[in-house]
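Here is the structure we will look at.
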Amino acid sequence: MGTERKRKVSLVDVVDDDSTAKMVKTNGGLTVNNFINRWNRKPYSQRITTQIPQFVLEAVDLETRDKHRKMMVACTQPRRVAALSVSRRVAEEMDVSIGEEVGYSIRFEDCSSSRTVLKYLTDGMLLREAMTDPLLERYKVIILDEAHERTLATDLLFGLLKEILRNRTDLKLVVMSATLEAEKFKSYFFGAPLMKVPGRLHPVEIRYEKEPQREYLEAAITKVVEIHTKEPAGDILVFLTGEEEIEDACRKISNKVANLGEKVGPVKVLSLYSTLPPAMQQKIFEPAPPPVKEGGLPGRKIVVSTNIAETSLTIDGIVYVIDPGFAKQKVYNPRTRVESLLVSPISKASAHQRSGRAGRTQPGKCYRLYTEISFSNDLQPQTYPEILRSNLANTVLTLKKLGIDDLVHFDFMDPPAPETLMRALEVLNYLGAIDDEGNLTKLGEIMSEFPLDPQMSKMLIVSPEFNCSNEILSISAMVAVPNCFIRPRDAQEAADEAKARFAHIDGDHLTLLNVYHAYKQNNEDPSWCYENFVNHRALKSADNVRQQLVRIMARFNLKLCSTYFNSRDYYVNIKKAMLAGYFMQVAHLERTGHYLTVKDNQMVQLHPSNCLDPKPEWVIYNEYVFTSDNFIRTVTDIRGDWLVDIAPNYYDLSNFPRCEAKQVLDRLYKKREKEKDEARNRK
DNA sequence: GAGCACTGC
């Protein structure tokens, strides 16, 4: 996988003022021109290049005061592949073996040792480390790279490191950001010195539309054909919003070019999005097709991609970028507690990043399919940071575990809406993760250790009480990975039949359990997966996740157990354990034939991918998605009378909005009271 | 009878 090759930095690039030297205090100057590698005392085998983490290594003394051990320099990345590839390259440049002086640490893989002085890790991983090492005392310097991306983890690290810096005067923090917001960062971090490193991009000519475009998809396709017909050789990158749109565009582009016949050169039209199998993704790195005949018109590669090509993947050789100005973005509505994906206008920063993709190997052109006025007036300067667009239940749990008790006064660079924080606290309180004073409970402590949403951690932790932790582990792992069912356009019927063989009429969670069991019974065989239209990668990764969860369970002495398969309670126990985590995600089938979510009274539909038959009166759902309609996805049949047993606080009818579900529950509870009375009288 | 922006632990 080609990831962004980090810009190499040499001292001559440093163009800023006198503050440069203050940012990283140098002790005795830089030693990069020496012939002996100070890290392993061997002569350098090749000319090395320099980068900021290496500068930092040269500049600081990593020995602890007692000289007994060495502290480390950490460098965070938002993505695993980046942590991995950058660390490998830096190890190579420093001429040391990866995992020795230079290492990396990402989920499922710690490649570092007691000798490691420079460690690359994902921002999420550093946050995890802070849970056990609250002052991050193993680090002397922390470098937050790609800070402009403002991932949730980066934003939490911002606030956390500000607190840590108050307690640790010896700690140095370097924030690296390709941002226009330098002043905002500077003032947030106590007016820290600023250092500018110019980019090494070729110039990119920006072209705007004269009139606003109504149909951006059609406009993009037309522009591709126009470039191919009129412009000199060079590959094209088109940004669109999602898989379906991209596949559709690829077909249309191919057809249009084919219709032009021999008037134009040959093209290779390729789609690119994250769920595309890696082998297909690799095709974008293949060269453009050669001319049809010698001396004929040159060929062109056309890549139609989601935002994945904006940050995660870099394709060299792109000369033309087409930017319609839209992307699917996550939005969160705290009132309805729904996260959804909406096609929305991108930010100026994002538009800038997209245009930069045209100038990596030679001067390029970027066609923005909107007007210049629209660019300056309508686009917001920056994409809203993720923390303002997310459900924060898990984030709040993490912060509590990190010892941040007063969320209201926590120094967020961009504070989330109070309502979002209140919602998160409310959810955690109902789950028993925090008490009424907002303090983390013992249960909450354990929940915070699982790399899962709080609902899922809760069901996992209580599953031994329902004698089904083995099964809940498998279900959690399957729900935590991308959808495992494959449905190719040209074999939809066969795929549906294959899925039907796994279907459990009580619901999708149990269907996923069936798939996992079948996968294990067939020895994790990739060809079995292929024949049954399930995604081998997804199942492999579910297995990986499951193993990690098992290790965490063991750490807290949570036992692994199963109900005897032939017992009538086998599925009942599983469903009750799930309900113990997901009692806030229940929907009730109304007499009108619609489902209403309990307490929120949102009208929802079962997602068409469900396996239920017939429609049950009560269901729990894993996620609420708003796309072409309000759907609840991954749904399982449960019984109404379990609700009050398992979540009496939440299902306290004296504190319940008026609705059909309330009447039904009321009847159920009265009936149950009556039965209890009768049983008592019989005695 | 619809989907899967992208990440991370």
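No hydrogens, no waters, no symmetry mates; every other heavy atom, side chains included, goes into these values. Naming: A, B, ... by sequence-line order, numbering from 1 per chain. Every value quoted in this text rests on a predicted model; they were computed, and no experiment measured them.
Computed from coordinates, the A:Asp123 CG to B:dT7 P distance equals 13 Å when rounded to whole Å. If you measure from atom CZ of A:Arg633 to atom C1' of B:dG1, you get 14 Å, rounded to the nearest angstrom. For the pair A:Leu157 CG and B:dC9 C1', the interatomic distance rounds to 12 Å; values are reported in whole Å. If you measure from atom CD of A:Glu247 to atom C1' of B:dG3, you get 13 Å, rounded to the nearest angstrom. Atom CZ in A:Arg551 sits roughly 13 Å away from atom P in B:dC9 (whole-Å rounding). In this structure, the CG atom of A:Leu342 is 15 Å from the C1' atom of B:dG3, given to the nearest Å. Put simply, CD on A:Gln329 is 13 Å from P on B:dC6, counting in whole angstrom units. Atom CD1 in A:Ile632 sits about 15 Å away from atom P in B:dG3, given to the nearest Å.
Within the 3.5 Å criterion, the main-chain N or O of A:Ala351 finds a donor-acceptor partner in the side chain of A:Arg368.
Mapped onto DNA chain B by nearest heavy atom, A:Asn483 and A:Gln548 fall at different nucleotides, with A:Asn483 at the one closer to the 5' end. Between A:Phe450 and A:Lys330, the residue anchored nearer the 5' end of DNA chain B, judged by the nucleotide with its closest heavy atom, is A:Lys330.
In this pair, A:Phe158 and A:Phe185 present their aromatic rings perpendicular. The plane angle is above 60°, beyond the 30 to 60° band.
You'll find the side chain of A:Arg79 reaches within 4.5 Å of the side chain of A:Thr311, heavy atoms only.
Residue-level contact check: A:Tyr273 touches the backbone only, with heavy atoms under 4.0 Å from sugar-phosphate atoms and none from bases.
Dashed line: the shortest gap from a side-chain N or O of A:Thr151 to OP1 or OP2 of B:dG8 is not under 4.0 Å. For B:dC6, one of the phosphate oxygens OP1 or OP2 lies less than 4.0 angstrom from a side-chain nitrogen or oxygen of A:Thr306. When the side-chain nitrogen and oxygen atoms of A:Thr311 are compared with OP1 and OP2 of B:dT7, none of them lie within a distance under 4.0 Å.
Nearest to the side chain of A:Phe631, among B:dG3, B:dT7, B:dC9, sits B:dG3. Listed nucleotides: B:dG3, B:dC6, B:dC9. Nearest to the side chain of A:Arg80: B:dC9.
Between A:Ser347 and A:Ser350, the side chains place no donor N or O within less than 3.5 Å of an acceptor N or O (distance only, hydrogens not considered).
Residue side chain A:Arg487 reaches the base of B:dG3 through a donor-acceptor N/O pair under 3.5 Å, judged by distance alone.
Taken from CG in A:Leu369 to CZ in A:Phe326, the straight-line distance is 9.5 Å, to the nearest 0.5 Å.
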